[in-house]
Amino acid sequence: MTVEFTEENVYEFEPADLVLEDRVAGRMYTDPEIFEEEMTKIFERTWVWVAHISELPKAGAFKATHVGRQPVIVSRDRKGNIHTMLNRCRHRGATVCETRSGVVNGFTCPYHAWSYGLDGALRGIPYPEGYEGIMDKKNMGLKKLRTEQYNGMIFATFNHDIEPLEDFLGDVKMWIDRFMAQGAGYPLKVLGTHRFTFKGNWKIQLENTTDGYHFPIVHRSWMATVDSETAEMMSFMTDPSAVTHVLGNGHSVMQMVPEHSDLEADDGSEPLQPRFDGLVADLRANGVSEEEIRRLVYSMHGTGFNLNLFPNVSMSISFFRTLRPVSVDETVIEHIAIGPDGPPEIVDRVNRERMRAHENFQGPFGFGTPDDAEGWDRVQRGAVGGPELPVMVNRGSARETRTEEGWPTSHVTDESGMRAAYYKWKEMMSDD
């Protein structure tokens, strides 16, 4: 029997029961009690992305961020080890760091000057006489999260019994490796971050990354500004080879430009776009080889796919996008520009070009971010009306197939990735 949500019964369902095969209840976007459960059952129990390795380039480097709503610090110690710690003094609970990033020797609470090392260990207490015999400093360090990384992507979790990160990622690892190849032989580094807030539930943005259906509608103003080659490349609505794969654990990948999914498979036959002629000339003038010029310029567009990692990060064509839930109807988004990390005479000109492209779409005055955020805001405003009315995620369910790898797959405009994320959401929200 098909479950029907009604105005009278929708608040009687357990949260996990609000996810059906082809729809979810609008209440999932608006119920504060569900949001509180999500923070505990999802964001505090699974792997959450916290940093890219380039953000911690040397000993003492740190980044202040969040896991769910909990403030954390990610740091590199003197031995090169990466730590994630709760940003909360063990004495009276004050934050020990209020700067987003930097390089330090340790962390000191401004309230009573308890000091901690880069690994979170408690190092010093002013006037320690009052604690003699009643406290063991070894057990009073900053609360540590389990921290692991894969190919420069650093994840942390409060759940120390969780499966290893590589098992959680599974088939995603191949796509991460492909994404990182846009460094064109160099490591990738973070170039800058654009942070903004939208008045909506975090799951609205989670859906967006593998929603190819909206692209030519919402982003038609951007499409009108790009050159004909780029416009043709992004015209995937009727391309049968443009597909979305479900990769397990709520992860999915949307291949908008399949021929650019594996940059290392470039056979040199595709002409470089004329708009990069100036960049090519500058690189030649700096003595860069023709082979390296092609790798760098061919990678300018990124990877041709959006990789969505449940629950909080995507690797979207040529940038990272992270989400941070603040409340049931407020979410912080970060768009993180990236580029190759190599000799300045080679990569600086490339990265300036990448930043200009990033600003044109993802930046605060770009085309993509305002258009997307307007859509997300409207979904939240609409969801307040009729919490029993379903949010449909059924597009393409009747034409879903499986690849040789066993990945459920459908067209890039279909909602396979959304269904996968919600099935994982349902699984985690079902746990006691």
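Predicted, not measured: the structure shown is a model, and the values here were computed from it.
Heavy-atom contacts from other residues, nucleotides or ligands closer than 6.0 Å to CZ of Arg100 number 12 or fewer. Taking a 6.0 Å sphere around CZ of Arg378, one finds it holds 12 or fewer heavy atoms contributed by other residues, nucleotides or ligands. Residue Glu345 qualifies as enclosed at atom CD: its count of foreign heavy atoms under 6.0 Å is above 12. Dense packing is recorded around CZ of Phe276, with more than 12 heavy atoms of other residues, nucleotides or ligands lying under 6.0 Å away.
The backbone N or O of Leu145 sits less than 3.5 Å from a side-chain atom of Thr147, completing a donor-acceptor pair. Although no hydrogens or angles enter the test, the distance criterion places a donor-acceptor pair under 3.5 Å between the side chain of Ser54 and the main chain of Val190. Asn286 contributes no side-chain N or O that, together with a main-chain N or O of Val288, makes up a donor-acceptor pair within less than 3.5 Å. Counting only distance, with no hydrogens or angles, the side chain of Asp22 and the backbone of Met392 share no donor-acceptor pair below 3.5 Å. Without hydrogens or angle criteria, Asn306 side chain to Gln255 main chain gives no donor-acceptor distance under 3.5 Å. Without hydrogens or angle criteria, Thr331 side chain to Gly200 main chain gives a donor-acceptor distance under 3.5 Å. Looking at Glu415, its side chain does come within 3.5 Å of a backbone N or O of Arg395 through a donor-acceptor pair. At distances below 3.5 Å, not a single donor-acceptor pair connects side-chain atoms of Arg23 with backbone N or O atoms of Asn394. Checking side-chain atoms of Ser299 against main-chain N and O of Arg295 turns up a donor-acceptor pair under 3.5 Å. A donor-acceptor contact shorter than 3.5 Å links the side chain of Asp77 to the backbone of Lys79.
With rounding to the nearest 0.5 Å, the separation of CG in Leu122 from OH in Tyr116 is 5.5 Å. Here the CG-CG distance, from Leu56 to Asn81, works out to 12.0 Å after rounding to the nearest 0.5 Å. Here the CG atom belonging to Leu20 is positioned 9.0 Å from the OH atom belonging to Tyr423, to the nearest 0.5 angstrom. To the nearest 0.5 Å, the span separating CE on Met174 from OG on Ser261 amounts to 8.5 Å. How far CD of Gln149 is from NE2 of His52: 9.0 Å, rounded to the nearest 0.5 Å. Annotation: the span from Ile293 atom CD1 to Leu272 atom CG amounts to 9.5 Å, rounded to 0.5 Å.
Using a 4.5 Å heavy-atom threshold, the side chains of Pro164 and Arg146 count as touching. With contacts defined as side-chain heavy-atom distances shorter than 4.5 Å, the pair Val379/Val391 does not qualify. The side-chain heavy atoms of Leu118 and His83, taken from C-beta on, include no pair separated by under 4.5 Å. Looking at Glu166 and Lys173, their side chains come closer than 4.5 Å, going by heavy atoms from C-beta outward. With contacts defined as side-chain heavy-atom distances shorter than 4.5 Å, the pair Arg324/Glu334 does not qualify. Side-chain contact check for Leu86 versus Leu142: every heavy-atom pair is 4.5 Å or farther apart. Residues Thr197 and Val326 form no side-chain contact, since every pair of their non-hydrogen atoms from C-beta on lies 4.5 Å or further apart. Looking at Leu247 and Leu307, their side chains come closer than 4.5 Å, going by heavy atoms from C-beta outward.
A ring-centre distance under 6.0 Å is not found for Phe155 and Phe168.
Here Ser269 pairs with Asp267 under the side-chain hydrogen bond (donor to acceptor under 3.5 Å, both in side chains) rule; sequence neighbours left out.
The list of side-chain hydrogen bond (donor to acceptor under 3.5 Å, both in side chains) pairs with a residue in residues 174-186, not counting sequence neighbours, reads Tyr150-Asp177, Asn151-Asp177, Gln182-Arg354, Tyr186-Glu292. Counting only residues at least two apart or in different chains, salt bridge (Lys or Arg N to Asp or Glu O under 4.0 Å) contacts with residues 355-364 comprise Arg356-Glu359.
No hydrogens or angles considered: a donor-acceptor pair under 3.5 Å links the side chains of Lys203 and Asn201. Between the side chains of Glu163 and Trp47, no donor-acceptor pair of N or O atoms lies under 3.5 Å. Donor-acceptor pairing under 3.5 Å is recorded for the side chains of Arg321 and Asn208. A donor and an acceptor atom, one from each side chain of Asn312 and Thr322, are nowhere located under 3.5 Å apart.
Under the ring-ring contact (aromatic ring centres under 6.0 Å, His included) test applied with Trp202, the options Trp425, Trp376, Phe35, Phe43 reduce to a single match, Phe43.
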Any chance you could lay out the side chain to side chain donor-acceptor pair (under 3.5 Å) test for His245 and Glu405, step after step, and finish with the verdict? CA-CA 10 Å; His245 301 300; Glu405 297 86 354; over 6 Å; no
Lys143/Arg88 under side-chain contact (heavy atoms from CB on, under 4.5 Å): CA gap, chis, key distance, verdict: CA-CA 8 Å; Lys143 183 176 180 178; Arg88 179 190 186 280; over 6 Å; no
Go through it in stages, so that I can follow the logic: the residues are Glu55 and Ser101, the test is side chain to side chain donor-acceptor pair (under 3.5 Å), and I'd like the CA-CA distance, side-chain angles, deciding distance and then a yes or no. CA-CA 8 Å; Glu55 297 178 277; Ser101 62; over 6 Å; no
In sequence, state the C-alpha distance, the side-chain angles, and the governing distance for Glu21 and Lys426, and then conclude on salt bridge (charged side-chain N to carboxylate O under 4.0 Å, His left out). CA-CA 11 Å; Glu21 287 188 3; Lys426 180 182 183 76; over 6 Å; no
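Under the 4.0 Å criterion applied to side-chain N and carboxylate O atoms, Arg294 and Glu290 are not assigned as salt-bridge partners.
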